[in-house]
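Encoded as structure tokens, the structure appears first; notes follow it.
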Amino acid sequence: MYRSEVKQIVPGPCSGEVVLVDSYISFFGEVNPEQGCLSTLENRCFRGKVLVFRGTRGSTVAPYIIYALRKSNAAPACIIVAEAEPMLIAGCVIAEIPLFVAGNYSELVKSIQAYSNSVYLVVKGAELLLYKRV
Amino acid sequence: MYLTREQEKMLRGEYGWSTAKAMEIIVKVGEALGAEELVEIVHAHISGVSYSTIGRYGAEFIREIILRGGKTRVFTTINPGCVDYSGFSGIIDNSLLDYQRLIDDPLREAGVKPVFTCIPYFYRTPLPGEHLAWGESSAVIFANSIYGGFTNREGGPVALAAALTGFTYNAGLHLLENRVGRVEIKVNARTLTMPIGALGLWVGEEVKAIPHIRGLRGVQLFDLKNMLASAAASGNHALIIIDEITPMGTFRLDLTEKVEPEISVLENYLGDNCAGSNILGYIGCPHTTPQELLLIARLVKRHGKPRRGKLLVTIPAEFTRIHRDLVLELRAMGVDIAAGTCPVVSRFKEKFDCILTNSGKALFYLRRVHGVKVKLAGVKEIVKQLSGVQK
């Protein structure tokens, strides 16, 4: 089990299987809002899962795409990032998706990879817990 | 974050669901950016209102927050939509008109001034030091750099939330301590013989800190608009301090670096080779000012109607009324006019081989949005090339 700190940006429950995308995502153009999948990365889907990625880039339309994920029932259970910029925060607030900033993002990524990506993540207060799935 | 009693009431829902949701967006974004309080604004400008960019769900969000009781609490303007509101244009596709109304109608209902333009400063010019909450990167950088207004680059929902509450988070460029020029850019006179959009694209791509530009004395305001918009498109700039123009007291200088762009470097920003039989000339990104319309009319009169391609000019929606004679004169000379929209946020009826534009911002986005070749040229060069008459 791995344990570390997280900073809560948009409150809410956060637990589930992890989908790790260790890069910057542009929600406009790279995410299919109807399916909850990343078009650029082998169509990886994060619907109902914990989406972990570095941060967002690109267009100011991003908040509306995040909102679209919620409306089409394709939103992730919660999001954990290294950097939360205003577009992502605004998107998560309007879509009511819990958002957290990892205390030590690179260590979190290493731990997820060490468990061969088959991990279950739970956020309790200011603490993040990582379990290997069995 | 410290909130006043009124702001707390808004957040708790005492002013209704919409105001509470709007307040929540601002407080959350502000807290994440380390803001300690909110700041009262005098003007909100909402971007992200084109149906062709925000789509069905973006429209649904705007409808929900307004139809559940949202009303603007400050003077509020909006960005271009995805349709030509004059009905004059033969180039812009108006098939999304009914969908665009899903966004426009509630916004009008909420008390927004329906200017549909990216140059809101022509409707209410900011005073130095005034706090604003503007979306639309080209308007933000113009407000900060030319008028000394204080605004961050707000995304669509945040600017909307600021309009509904009258507040935004007090961080970033709302604080004088963050309005500090670090890199001095010296522009020499020879550089200014090139289309000025190239200079803007270069600044956006190559300079990351807040720049302080020297050497732009005598440059027309509409050229500065073009240069600033280009820098805001290719980079994340929201403020460029322009020597002798940016109002004193709205910035500080702590210059640690000095650069001077060479013509040979800027030539890399002039875009693609423009060839083909179906060429579109495009002027009006950001929207044209009345002076630019006069200039275009004079040039078309001198060099002749566009014969070797079409010429599209985009203007604020209201110009069809307040500058009616000029608009009709341009139309009579074969210029295609579209009001309240622009090709960045709309669709074309036909496919063009290449677009010739004076705007660095248009070059940056039209390549990405329409997948078309784009070349930069001065306004005079565009008109001359389309008329095909060498004088």
Side-chain angles (χ1 to χ4, degrees), chain A residues 6-12 24-36 39-40 55-75 78-103 126, chain B residues 18 20-35 46-65 79 103 133-138 140 152-162 168-169 171-172 232-233 236 238 344-345 365 368-369:
Chain A
V6 282
K7 187 181 165 203
Q8 175 185 285
I9 307 291
V10 178
Y24 288 92
I25 296 177
S26 168
F27 275 84
F28 182 56
E30 290 178 6
V31 170
N32 179 329
E34 313 245 305
Q35 291 159 2
S39 53
T40 45
T56 38
R57 61 187 169 100
S59 167
T60 54
V61 176
Y64 292 125
I65 305 292
I66 299 172
Y67 180 74
L69 287 167
R70 161 68 64 219
K71 282 283 166 179
S72 42
N73 232 346
C78 56
I79 293 176
I80 297 175
V81 288
E83 302 158 35
E85 53 80 50
M87 293 304 108
L88 176 64
I89 300 165
C92 287
V93 170
I94 64 177
E96 294 171 349
I97 298 173
L99 172 68
F100 303 86
V101 171
Chain B
S18 301
K21 192 80 197 162
M23 197 46 127
E24 189 193 352
I25 294 171
I26 288 166
V27 169
K28 289 275 164 53
V29 174
E31 277 176 346
L33 295 174
I46 306 172
S47 61
V49 294
S50 155
Y51 191 90
S52 85
T53 51
I54 69 170
R56 178 181 141 202
Y57 295 108
E60 273 182 21
F61 173 77
I62 293 174
R63 287 179 70 79
E64 185 180 17
I65 200 163
N79 232 25
I103 298 170
W134 286 13
E136 173 52 37
S137 62
S138 74
V140 168
N152 287 317
R153 275 167 78 128
E154 312 278 27
V158 179
L160 175 59
T168 192
Y169 52 88
N236 269 331
V344 175
V345 296
Y365 282 112
R368 287 165 173 78
V369 177

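So you know, we letter chains A, B, ... as the sequences are listed, proteins then strands, and number each from 1.
- For a residue to count as touching a neighbouring chain, one of its non-hydrogen atoms must lie under 4.5 Å from one of that chain's; by this rule A:Glu83 does not touch chain B.
- With chain A as partner, the option from B:Ile54, B:Ile26, B:Ile65 having the largest number of non-hydrogen pairs under 4.5 angstrom is B:Ile54.
- Contacts between A:Glu34 and chain B at a heavy-atom distance below 4.5 Å involve the side chain alone, from C-beta outward.
- Ranked by heavy-atom pairs under 4.5 Å with chain A, the first of B:Ala59, B:Gly58, B:Ser50 is B:Gly58.
- Minimum heavy-atom separation, A:Val93 to B:Lys21: O-NZ, 3.4 Å.
- The shortest side-chain heavy-atom distance between A:Tyr64 and B:Ile62 falls under the 4.5 Å cut-off.
- Both the backbone and the side chain of B:Val29 come within less than 4.5 Å of a heavy atom in chain A.
- Classified by interplanar angle (parallel below 30°, tilted 30° to 60°, perpendicular above 60°), the ring pair A:Tyr67/B:Phe61 is perpendicular.
- Within the model, atoms CD of B:Glu31 and NZ of A:Lys7 stand 9.0 Å from one another, a figure rounded to the nearest 0.5 Å.
- Only the side chain of B:Leu33 comes within less than 4.5 Å of a heavy atom in chain A; its backbone stays farther off.
- The residue from A:Pro11, A:Cys92, A:Pro86 that alone fulfils the side-chain contact (heavy atoms from CB on, under 4.5 Å) condition with B:Lys28 is A:Pro11.
- Closest non-hydrogen pair, A:Ile89 versus B:Ala32, comes out as CD1-CB, 3.0 Å.
- Nearest heavy atom pair, residue B:Glu154 against residue A:Met87, reads C-CE, 4.3 Å.
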